[in-house]
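First up is the structure itself, then whatever we jot down about it.
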There are 2 protein chains.
Amino acid sequence: MAIDFHSSIKTLNLKVTPKRLAILDILASEMAYVSPEEVWRKMKERFGKIGLPTVYRNLEDLAQGDLIIKIIHPDRKLYYYFCHNSENGHHHHFICLTCRKVEDLDFCGLEEIKKEVEGHLKGSIVSHLIQVYGLCRGCKQ
Amino acid sequence: MAIDFHSSIKTLNLKVTPKRLAILDILASEMAYVSPEEVWRKMKERFGKIGLPTVYRNLEDLAQGDLIIKIIHPDRKLYYYFCHNSENGHHHHFICLTCRKVEDLDFCGLEEIKKEVEGHLKGSIVSHLIQVYGLCRGCKQ
DNA sequence: AGCTAAATGAAAATTGTTTCTAATTATAAA
DNA sequence: TTTATAATTAGAAACAATTTTCATTTAGCT
Ligand SMILES: [Zn+2]
Ligand SMILES: [Zn+2]
Ligand SMILES: [Zn+2]
Ligand SMILES: [Zn+2]
């Protein structure tokens, strides 16, 4: 069952443009995080001509509306990811250092950490970053 | 008891230069994370003349050697922090987005995650990154 | 003191991202 | 279906943080 990108975009009160649909389509067909530049390359294959700023803007808008996930990578570049299980609730990802495949992790220690931050430190959490790097089943051999 | 920066640097097989000692001294006297540019300003007060690349290089090298911590900030700029409890074993940090204070977190869910990755995904973990951002006790009001 | 590899400073380059403006396009009203 | 209008886009340029290059200096050894 294909995802209804058209109405997803409408929900955000954004116009349904071919560029936006294509960006969602491209991301949804990737198993890995992708950089804006990589999205741009794929967009050029489809449209011939497309500006990099358009890609950046749309990725940002779509992430703002929670249609895609924005990743602040330790390399301090932006990456975006379409998580097919985003209805399954909050989770993180295991990233293969070799083939870049991304796999879902069910466990998120945030509850424990929240207890610590709110209980002991008397602070409040705004966001958190949990990333696990390694070798996937295939790349491990 | 002051920390023996001199031998800390030696351990990394780096030369003990006045610049490196000063950088460690500056970071260790801060209770918050600081940007390379801020370190540079403080360095200029001490040395009069010092290049920004030197600051960047040394911060990176010292972080590489685990003498200081590199902060992955949501604003995607670099920050560094001297953790006074680094001998207390592996831990992560809570980072205040307002006042830049850093506090230790005891909890690290790596064991659970390892179970998931090795058991279910049949992969292996190489490294992990956990940082929690929010408002500290004081900044929460 | 003298040697050598490492560290530094200064300028310039690079990189990823954002801003600007004018032209185009999606949407909804007529 | 046309028209109005507000959002979207392309292209160029700007931008800021960080990194590279390379000539000079310095730390750590003999
Ligand atoms: Zn893999
Ligand atoms: Zn989480
Ligand atoms: Zn604070
Ligand atoms: Zn950990």
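Just so we're on the same page: letters track the sequence lines, and every chain starts at 1.
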- Please determine if a side-chain N or O atom of B/K19 lies less than 4.0 Å away from the OP1 or OP2 oxygen of C/dG9. yes
- Rounded distance (Å) that lies between atom P of C/dT15 and atom NE2 of A/H73: 18 Å
- Over how many whole Å does the gap from A/I9 atom CD1 to C/dT25 atom P extend? 18 Å
- Task: Between B/E60 and B/H6, just flag the one whose closest nucleotide in DNA chain D comes earlier from the 5' side.
- Result: B/E60
- Between A/E30 and A/K42, is there a salt bridge with N-O shorter than 4.0 Å? yes
- OP1 or OP2 of C/dA6 less than 4.0 angstrom from a side-chain nitrogen or oxygen of B/T17, does that happen here? no
- Message: Output the rounded distance in Å from CZ (B/F47) to P (D/dT25).
- Response: 18 Å
- Item | Under 4.0 angstrom between B/R76 side-chain N/O and C/dT17 OP1 or OP2 | yes
- Query: Is there a side-chain polar atom (N or O) of B/K49 under 4.0 Å from OP1 or OP2 of C/dA10?
  - Reply: yes
- Shortest side-chain distance from B/K15, nucleotide among C/dA7, D/dC29, D/dT9: C/dA7
- Does the side chain of A/D104 reach to within under 4.5 Å of the side chain of A/C83, using non-hydrogen atoms? yes
- Just how far, in rounded Å, is P of D/dT19 from CG of B/L59? 10 Å
- Would you indicate which nucleotide in C/dT17, C/dT27, D/dG28 comes nearest to any side-chain atom of A/K77? C/dT17
- Message: Quick check on the 6.0 Å ring-centre criterion: do B/H73 and B/Y33 meet it?
- Response: yes
- Name the closest nucleotide to the B/L52 side chain, picking from D/dT18, C/dT8, D/dG28. D/dT18
- Phosphate OP1/OP2 of C/dA7 contacted by B/T54 side-chain N/O (<4.0 Å): no
- Query: For the pair made of CZ in B/R57 and P in D/dA17, what is the distance, rounded to whole Å?
  - Reply: 19 Å
- Task: Could you check whether the rings of A/H93 and A/Y81 sit parallel, tilted or perpendicular, using 30° and 60° as the cut-offs?
- Result: perpendicular
- Ring centres of A/H92 and B/H128 under 6.0 Å apart? no
- Query: Does the side chain of A/Y56 get closer than 4.0 angstrom to OP1 or OP2 of C/dT17 through an N or O atom?
  - Reply: yes
- Query: Whole-Å distance between D/dG11 P and A/M43 CE?
  - Reply: 13 Å
- Query: Quick one: on DNA chain C, does B/P18 or A/P53 contact a more 5' nucleotide (nearest heavy atom)?
  - Reply: B/P18
- Message: Taking any heavy-atom pair under 4.0 Å as a contact, classify A/L78: base, sugar-phosphate, or nothing.
- Response: sugar-phosphate
- Query: Between atom CD1 in A/I50 and atom C1' in D/dA12, what is the gap in whole Å?
  - Reply: 16 Å
- Task: For B/R20, report the nucleic acid contact type (base, sugar-phosphate, nothing); a contact means any heavy atom under 4.0 Å.
- Result: sugar-phosphate
- Message: Can you measure A/D75 atom CG to C/dT15 atom C1' for me and round it to whole angstrom units?
- Response: 12 Å
- Side-chain ion pair, A/R100 and A/E38, N-O less than 4.0 Å: yes
- Message: Whether A/N58 contacts D/dT9 is assessed here as follows: a side-chain N or O lying under 4.0 Å from the phosphate OP1 or OP2. Is that the case?
- Response: yes
- On DNA chain C, check which nucleotide each of A/K10 and B/G51 is closest to and give me the residue with the more 5' one. B/G51
